[in-house]
Q: 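My questions will all concern the structure given below.
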Amino acid sequence: MKRNGTAIKTKSGFVAALDIGSSKICCLIAKPHVDRGAYGDSGPRIIGIGSHQSRGIRSGVVVDMEAAEQAIRAAVERAEQMAGDNIENVVINVSAGKPRSKLVAFESSIGGHGITEHDMRRLLDPSVLMREASDDREIVHKIPVGFTVDGNRGVRDPIGMFGEVLGANVHVVTAQTAPLRNLRSVVERCHLHVDAMVVSPFASALSCLVDDEKKMGAACIDIGGGTTGIAVFFDGELVHTEVIPVGGNHITNDIARGLQTPFAHAERMKNLYGTCLPSPSDDAEVIQVPLVGEDDETGTVQVARSMLVGIIRPRVEEIIEIARERLAKAGYDQLAGRIVLTGGTSQLTGITEMASRAFSQHVRTAQPKQIDGLAEAVSGPGFSSVAGLLQYAVATATAPMEANIDMSQPPNGWLGRIGHWLRENF
Ligand SMILES: Nc1ncnc2c1ncn2[C@@H]1O[C@H](COP(=O)(O)OP(=O)(O)OP(=O)(O)O)[C@@H](O)[C@H]1O
Ligand SMILES: [Mg+2]
């Protein structure tokens, strides 16, 4: 069956999100609004869930098209079976292509008259923004984060205001073209049309940060299997994003190499006994570790838990330190008043305390906000990104004047009336 199309919803009005992770691939299908009769419409309801171990993806990058295609197909088919419908269009995540954030400022003369929609359109002319793309990078998001009138910042809705010069700050996220093409291509090989790409940490932040955090300033750090993504929100908008190619799988590899044990066992040990907080009893606690390539019965050694902690801790420290440095380099270490950890690796015992110490501030661990129908099995912190993608898909599918929506626009901003106007026109 060939599936193609440009509408974000299926014929039956469902929307779909596909998180192509380094550890697992997850697909959610939802009804954007549920008719509750006398009680009116409510939010989305998930009617299809499919998850499959990831294949052919390393640190968010497609490294084996065939293997990735099989894994995506398996996850999507499971979700479709549960939903009882086939999907044609998906919103997917992007961790590949070294996503890069840039705040771009534009100005336009308005000659003292009241600012009109026409002025806004002229100011935010897409061809001006396209300059940010290059031969090897394409634009993934372009998000207006604020306006100025005659240099006065903090203007939320300039339409109707008087001034000489109208300015806009736009957060442009670009990523390398070739890895994005590979990602799109592997999804298309599964006969799915990519409606929108959302940088993975942006998606995670959409589902994990509460509105006040987004307004006051917060950084959501998603520590997954092969990547660590950072999304900084300020004044309700995404202002910065980073993807670092290191995650929990690196901890597992360190354990496997350090203790000469199979990867599967290293993963199990990490999840069952792993911690980055040493305790005085660690030397006395002994774990039985099978050796790689040896018989189950004879080829095991006893290892003190302190040794496991000694392997895990430096890698976690490294991940947190890189994230801290990136935030500081971008100038958001102070601005992001709150740090919210998510992603599968945020479940590692002691990681929140370690991050709190490194950032010298309160850190909380988050899992996606509850969506109707989100089964417990897919509601942990490893599913923040797919839940955020679904939120993005729902918001975009249910916005008015669907045909005019620029899919690289975020669906929920603080821009109010102007945000609504921008979504329809920009
Ligand atoms: N209880 C746990 N303790 C420690 N680590 C855990 C735990 N549960 C899962 N993990 C780790 O979380 C990682 C997977 O996280 P997640 O599902 O967020 O990754 P992903 O989205 O597939 O990958 P990425 O976002 O990096 O492309 C794996 O490294 C796994 O070992
Ligand atoms: Mg992920």
Side-chain angles (χ1 to χ4, degrees), residues 17-28 50-63 68 71-72 75 92-99 179 183 186 197-208 220-231 241-256 263-277 308-309 311-313 315-316 319-320 322-323 340-352 354-355 365-368 377-390:
L18 179 64
D19 179 21
I20 305 167
S22 312
S23 292
K24 45 116 193 43
I25 292 176
C26 187
C27 177
L28 296 180
S51 188
H52 195 271
Q53 190 177 12
S54 183
R55 298 257 185 262
I57 308 286
R58 190 173 299 151
S59 289
V61 179
V62 180
V63 290
I72 292 171
I92 67 166
N93 66 312
V94 173
S95 294
K98 302 188 169 67
L183 200 59
V186 79
M197 287 183 156
V198 181
V199 174
S200 309
F202 180 20
S204 305
L206 284 177
S207 72
C208 286
C220 178
I221 304 180
D222 180 320
I223 313 179
T227 65
T228 294
I230 308 174
T241 184
E242 300 260 359
V243 177
I244 305 157
V246 59
N249 295 349
H250 296 77
I251 306 173
T252 306
N253 290 350
D254 291 347
I255 298 171
F263 287 108
H265 191 80
E267 174 75 12
R268 218 170 88 83
M269 273 175 82
K270 178 182 78 172
N271 297 352
L272 280 179
Y273 314 110
T275 171
C276 34
L277 293 181
L308 183 64
V309 182
I311 295 173
I312 294 173
R313 201 176 154 84
R315 182 63 89 167
V316 177
I319 296 173
I320 293 173
I322 301 174
V340 177
L341 289 190
T342 191
T345 302
S346 70
Q347 296 168 100
L348 186 69
T349 311
I351 198 166
T352 321
M354 208 172 191
T365 307
Q367 53 191 51
V378 291
S379 62
F383 297 90
S384 299
S385 174
V386 75
L389 291 174
L390 189 76

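None of these values were measured; they are calculated from a predicted model. Just so you know, residue 1 is the first one in the sequence shown, and it goes up from there. Reckoned from all heavy atoms, side chains included, excluding hydrogens, waters and symmetry mates. All ligand and atom numbering here is 1-based and tracks the order in the structure.
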Q: Return the protein residues near ligand 1 (heavy atom under 4.0 Å from any of its atoms), ordered by chain and residue number.
A: Gly21, Ser22, Ser23, Lys24, Gly224, Gly225, Gly226, Thr227, Gly248, Asn249, Glu267, Lys270, Asn271, Gly343, Gly344, Thr345, Gln347, Leu348, Gly382

Q: Can you check whether Gly224's main-chain N or O pairs, donor with acceptor, with Thr345's side chain at less than 3.5 Å?
A: yes

Q: What are the two closest heavy atoms between Val386 and Cys26, and how far apart are they?
A: CG2-O, 3.5 Å

Q: Rounded to the nearest 0.5 Å, what separation is found between the CG atom of Leu348 and the OG1 atom of Thr275?
A: 6.5 Å

Q: Please give me the minimum heavy-atom distance between Thr365 and Ser346, naming the atom from each residue.
A: CG2-OG, 3.5 Å

Q: Closest heavy-atom contact between Pro99 and Ala96?
A: CD-O, 3.5 Å

Q: Answer yes or no: is there a side-chain heavy-atom contact under 4.5 Å between Cys220 and Thr342?
A: yes

